[in-house]
Structures are given as structure tokens and as C-alpha cells.
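See below for the structure under consideration.
Each ligand, and each atom within it, is numbered from 1 in the order the structure gives. Note that the numbering runs from 1 along the sequence shown for the chain.
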Amino acid sequence: MAIARRSTGGDCVGIVGAGQLARMTYQAGIALGLTVRLLAETPEDAAALVAADVETGSARSLDALRHFAASCDVLTFEHELIDPAHLRDLESAGHILRPGAAVATTVFDKRRQREVMVKEGLPVPAYTDAVEGADDVVAFGDRHGWPLVVKLANGGYDGRGVFVVSDAVEAEQLLVELAGRALLVEAWVPIERELAVMVARRPSGECVVYPVVETVQRDGICHEVFTPAPLSALLEAQAKAMGRRVAESMDLVGVLAVELFVTADGLVVNELAARPHNSGHHTIEGCVTSQFENHLRAVLDLPLGEPGLVGTAVAMANVLGAADGLDPQAALGAALEVPGAHVHLYGKQARPGRKLGHVTVVGDDLDDARERARRAAGLLMGTREREPV
Ligand SMILES: Nc1ncnc2c1ncn2[C@@H]1O[C@H](COP(=O)(O)OP(=O)(O)OP(=O)(O)O)[C@@H](O)[C@H]1O
Ligand SMILES: [Mg+2]
């Protein structure tokens with residue numbers, strides 16, 4: 001347990017979790033002169049490496065959460081690996097949580113997310129959360145068609161809790177592997193493109209909605225995000241309205257990401273995250289106010305900032321760990337030669353497929369911005385060569 005400097009005045013925001021999302025939120029806090037404390041699992045966590053005020057402890061431990069909460073005025077979180085019952089306990093003890101424990105209880109569980117969306121009349125894939133065994137999955141597949149998608153109700157990320165199942169045999173095998181886990185089973189959706197919309201909302205109800213982005217997912221991992229998404233004005237407006245509606249219905253405080261699928265029949269809501277999100281990293285350089293700054297403003301009940309784009313087009317490419325464990329830092333010089341490349345490296349140990357950083361490019365032309373972001377990220381991942389001069 002190490003408690004360091006408390007340099008600035010004002011309310012202290014405590015973030016449970018110290019990965020790259022906390023790291024970038026912390027950076028936004030520096031600009032505003034805020035006091036931001038972190039609860040890190042280890043001192044090597046991405047944000048713990050750079051923050052002045054870090055406590056180490058497990059986000060799964062009520063004792064660690066209580067100890068941490070005692071030194072913070074407002075508590076927020078950067079991941080879902082927390083028991084919502086613990087958050088309810090903290091709230092009952094008088095701590096201020098933003099978003100609150102009720103929102104966490106909903107968004108930490110994909111089955112509960114669906115309940116909210118259905119209640120709000122939002123379109124979602126056909127699904128069932130009544131999954132006792134393989135028979136229920138097979139019955140769903142026979143009713144809605146194969147393949148289908150089985151998802152862990154909680155704890156999944158970067159596609160790790162998402163399984164596409166082709167037939168009854170595969171369903172039976174998977175259910176053996178996932179025995180004891182809470183599951184959501186849903187129809188496989190023929191996705192034309194994937195979108196996300198970020199919303200920031202204050203306790204007063206003030207709410208801003210960011211321009212809709214398109215996300216490029218491969219194997220369940222986000223590779224690229226760009227905006228404007230090539231959409232009709234109607235779909236853009238619908239996506240934004242859905243984001244706002246979800247935030248309002250949950251009385252959300254903080255930022256919210258709503259992931260959507262574009263299908264031949266229109267938009268379908270996939271999932272929610274009530275925290276800064278990978279589909280909002282481009283907002284650091286690409287929007288008037290970043291998602292990280294607006295999250296802090298929202299949880300401290302400060303006026304929200306403009307969400308609009310600062311350029312015609314913004315593209316973000318993730319830097320994912322290469323198979324050979326190459327450290328992206330080694331290619332920093334090469335990546336910085338790419339015109340307009342804003343490089344973010346998270347200081348994480350390189351492991352295959354792990355999110356180690358991202359690159360954002362703001363430009364006049366979407367294709368050009370995407371190409372430059374991909375090139376710089378590719379150099380950092382070792383999948384692209386430096387271009388001959
Ligand atoms: N019903 C579906 N039909 C087709 N593809 C799907 C479906 N559900 C999810 N996918 C694909 O799998 C990806 C990951 O799914 P989902 O967003 O539910 O998982 P996750 O691991 O929680 O994601 P994240 O990393 O965003 O938290 C989606 O972005 C999409 O590409
Ligand atoms: Mg997702």
C-alpha cells in the first residue's frame with residue numbers, strides 16, 4: 001500500500017482500476033489540476049506507472065474498495081471486474097459512486113443490459129438468458145437458426161467471452177467448458193458495419209453525444225475506429241438518439257459507450273460500457289473535449305465540454321501486441337515520421353494481441369487519415385516497414 005502526494009485541492013476522484021483507460025483519464029485530470037487517485041492491482045499497471053497517487057489492492061476485495069473509498073470524494077471505475085454488490089455496499093455506507101451502483105449492476109452483466117434495452121424499446125439481437133444447459137442452446141438454435149452466439153454474461157472483453165457456435169455438437173462442447181458461468185445466447189447477426197456512440201452525462205441531466213464512429217473488429221478485437229462513419233443522416237441521428245436514451249433511462253453519470261450493429265433492417269444495439277471506451281480514444285485529439293476529460297467533468301458535476309470533431313475526419317488504429325512480443329517503443333521513431341500521427345503507448349508489457357497503444361490522425365480526408373493511422377500503428381506492431389524516402 002503506497003500513498004503518495006496529494007498536491008492539488010478540490011474533490012478527489014478515485015478510479016478503481018489502473019489500466020490504459022485510467023492512464024488516459026489521469027492525463028486529462030492533470031490538465032484540469034484535479035486530484036485523481038487510483039486503485040491498482042499491481043504497481044506495473046499502465047496508469048500506476050505514471051500516477052502520483054496510487055493504492056494497490058484488488059478491485060474484487062470489499063476491504064480494498066472500502067479502504068480506497070475512504071480517501072476519495074467521488075469513486076468511478078475503468079473496468080467491470082468488480083462485484084456490483086460491493087459497490088452497493090459502498091454506496092449504502094455513504095460513498096459517492098459515479099456512475100452509481102445501480103448502473104454498474106446493470107452494465108456489468110450483459111443479461112441486465114438487454115433488460116434495459118428491451119424496456120426502452122431498443123432493437124437488440126434475438127436472445128435468451130434462460131440457459132441451464134446445452135439443451136437450451138440447441139432449442140434456441142433450432143428456433144432462431146445456426147450459427148448462434150454464446151456470450152459470458154460478465155467478465156468478457158476483447159471478444160474473450162464471445163463464442164460463435166455452429167451446431168448442437170459444438171454447443172454441447174462449449175457448455176461443458178463454460179459450466180457454472182452465467183450465459184447469454186443470441187442470434188448471429190449479419191453485420192454490415194459496427195458503430196459506437198459515446199455519451200457523457202452529468203448528475204443534473206446535462207448530456208452531450210459524440211459523433212458516431214465506425215469500429216473495425218476482427219476476432220472480437222477492435223482494430224480501428226474512425227469518424228464520420230459512412231452513414232445516412234437518419235442512421236447517425238438514430239444512433240445518437242439511442243445513446244442518449246440509454247444514458248437517460250439509466251440516469252447515468254459519466255461516459256457511456258453504446259456499441260451498435262448496422263444490419264439490412266437498421267440498427268441493433270450490441271452492448272454498453274459505462275466508462276471511457278476504446279471507441280472514444282480518438283476524442284483526445286479529434287474532438288473539442290476528450291471522452292476522458294468529459295468523464296471527469298461529469299463525475300465531478302462540472303460543465304461538460306463540446307463533443308464535436310476538430311477536423312473533417314478522425315481515424316484511430318490500435319497497437320496490438322505482435323506474435324513475437326516486439327516492444328512497440330522500439331519503433332517509436334519510425335511511427336512518429338508518419339505525418340500527423342499522435343502516438344499513445346500505454347507502457348504495458350508486450351504480449352500477443354494485447355492492447356499496447358493506439359495512434360490517432362486528424363485529417364481532411366477519411367481514407368488518408370485511416371491509412372496514416374494504420375501505417376503508424378503497423379510500424380509500432382512490426383507489421384509494416386518504414387517507407388523508402
Ligand atoms: N450476435 C452477434 N452476431 C454477430 N457477431 C457478433 C454478435 N455479437 C458479437 N459479435 C461480434 O463479436 C464482437 C465482440 O462482441 P461483444 O462486443 O459482445 O464482446 P466483448 O468482448 O464484450 O467486447 P468488448 O471488447 O467491446 O467489451 C462484436 O464487436 C462483433 O464483431
Ligand atoms: Mg464489444
Side-chain angles (χ1 to χ4, degrees), residues 17 19-21 77-82 104 106-114 116-118 122-129 131 137 140-141 143-166 170-171 174 178 181-198 212-226 229 239 242-243 246 255-282 291 316 318 320-321 346 353-356 358:
Q20 66 263 24
L21 300 176
F77 46 82
E78 67 128 34
H79 61 65
E80 288 85 23
L81 305 173
I82 312 167
T106 302
V107 296
F108 288 7
D109 187 322
K110 287 188 188 207
R111 296 167 303 174
R112 286 182 184 257
Q113 293 186 12
R114 286 292 157 84
V116 169
M117 293 183 244
V118 169
L122 297 171
V124 294
Y127 76 99
T128 179
D129 56 10
V131 193
V137 181
F140 183 88
R143 215 169 331 123
H144 295 278
W146 301 86
L148 51 73
V149 181
V150 175
K151 295 183 175 182
L152 294 181
N154 21 50
Y157 66 98
D158 289 349
R160 285 169 211 221
V162 175
F163 309 90
V164 178
V165 176
S166 303
E170 277 187 27
L174 182 67
L178 302 181
R181 303 294 302 264
L183 301 175
L184 178 74
V185 174
E186 64 186 32
W188 183 83
V189 177
I191 302 170
E192 289 181 356
R193 46 182 86 236
E194 296 197 44
L195 309 176
V197 59
M198 298 289 313
V212 177
V213 298
E214 176 163 347
T215 68
V216 180
Q217 315 271 339
R218 283 196 288 277
D219 300 327
I221 299 185
C222 176
H223 284 247
E224 268 187 83
V225 172
F226 59 87
M242 286 178 178
V246 174
V255 293
L256 170 81
V258 180
E259 296 183 355
L260 302 137
F261 298 149
V262 180
T263 73
D265 301 323
L267 297 177
V268 173
V269 183
N270 175 33
E271 61 160 350
L272 315 174
R275 52 165 171 77
H277 192 259
N278 198 172
S279 51
H281 291 357
H282 68 286
Q291 63 164 347
M316 190 276 328
N318 275 334
L320 302 170
Y346 308 147
R354 197 175 194 206
K355 286 177 180 165
L356 303 176
H358 72 267

Can you check whether a protein heavy atom sits less than 4.0 angstrom from atom 11 (C) of ligand 1?
-> no
Could you tell me whether Lys355 and Asp158 have a side-chain N and a carboxylate O separated by less than 4.0 Å?
-> yes
With rounding to the nearest 0.5 Å, note down the distance linking OG1 in Thr215 to CD in Glu259.
-> 6.5 Å
Region of Ile191 engaging ligand 1 - heavy atom pairs below 4.0 Å | side chain
N/O/S atom name from Glu271 that is nearest to the position of the Mg ion (ligand 2) = OE2
Answer yes or no for Gly161: is there a heavy-atom contact with ligand 1 below 4.0 Å?
-> no
Which of the atoms in ligand 1, numbered in the order shown and given with their element, are less than 4.0 Å from a heavy-atom of Glu259?
-> 17 (O), 26 (O)
Any idea which protein heavy atom is nearest atom 8 (N) of ligand 1, and the distance to it?
-> Lys151 NZ, 3.0 Å
Atom indices of ligand 1, in the order listed, that fall short of 4.0 Å to a heavy atom of Glu186 = 1 (N), 2 (C), 7 (C), 8 (N)
Considering only heavy atoms of Trp188, which atoms of ligand 1 have at least one such atom less than 4.0 Å away?
-> 3 (N), 4 (C)
Enumerated ligand 1 atoms positioned under 4.0 Å from heavy atoms of Gln217 | 29 (O), 31 (O)
Could you pull out the atom name of the N/O/S atom in Glu259 that is nearest the Mg ion (ligand 2)?
-> OE1
Straight-line distance of Arg354 CZ to Gln20 CD, nearest 0.5 Å = 8.0 Å
Which residue and heavy atom of the protein sit nearest atom 21 (O) of ligand 1, plus the separation | Gly159 N, 2.6 Å
salt_bridge(Glu186, Arg114) N-O dist < 4.0 Å = yes
for atom 28 (C) of ligand 1, nearest protein heavy atom and its distance come out as Glu194 OE1, 3.6 Å
Ala187: heavy atom below 4.0 Å from ligand 1, yes or no?
-> yes
Minimum-distance protein heavy atom relative to atom 13 (C) of ligand 1 | Gly220 CA, 4.0 Å
Here the atoms of ligand 1 under 4.0 Å from any heavy atom belonging to Val149 are 1 (N), 2 (C), 3 (N)
Considering residues at least two apart in sequence or located in another chain, which fulfil the side-chain hydrogen bond (donor to acceptor under 3.5 Å, both in side chains) criterion with Tyr127?
-> none
Per-residue contact class, Asn270 against ligand 1 - non-hydrogen pairs under 4.0 Å = side chain
Parallel, tilted or perpendicular: which describes the rings of Tyr346 and His358, with under 30° parallel and over 60° perpendicular?
-> tilted
If you have a sec, work out which protein heavy atom is nearest atom 22 (O) of ligand 1 and how many Å separate them, to one decimal?
-> Lys110 NZ, 2.7 Å
Under 6.0 Å from the CZ atom of Arg111, do we count more than 12 heavy atoms belonging to anything else shown?
-> yes
Over 60° means perpendicular and under 30° means parallel, so classify the ring planes of Phe108 and Phe77, tilted if in between.
-> perpendicular
Atom 3 (N) of ligand 1 [closest protein heavy-atom partner, distance rounded to 0.1 Å] = Val189 N, 2.8 Å
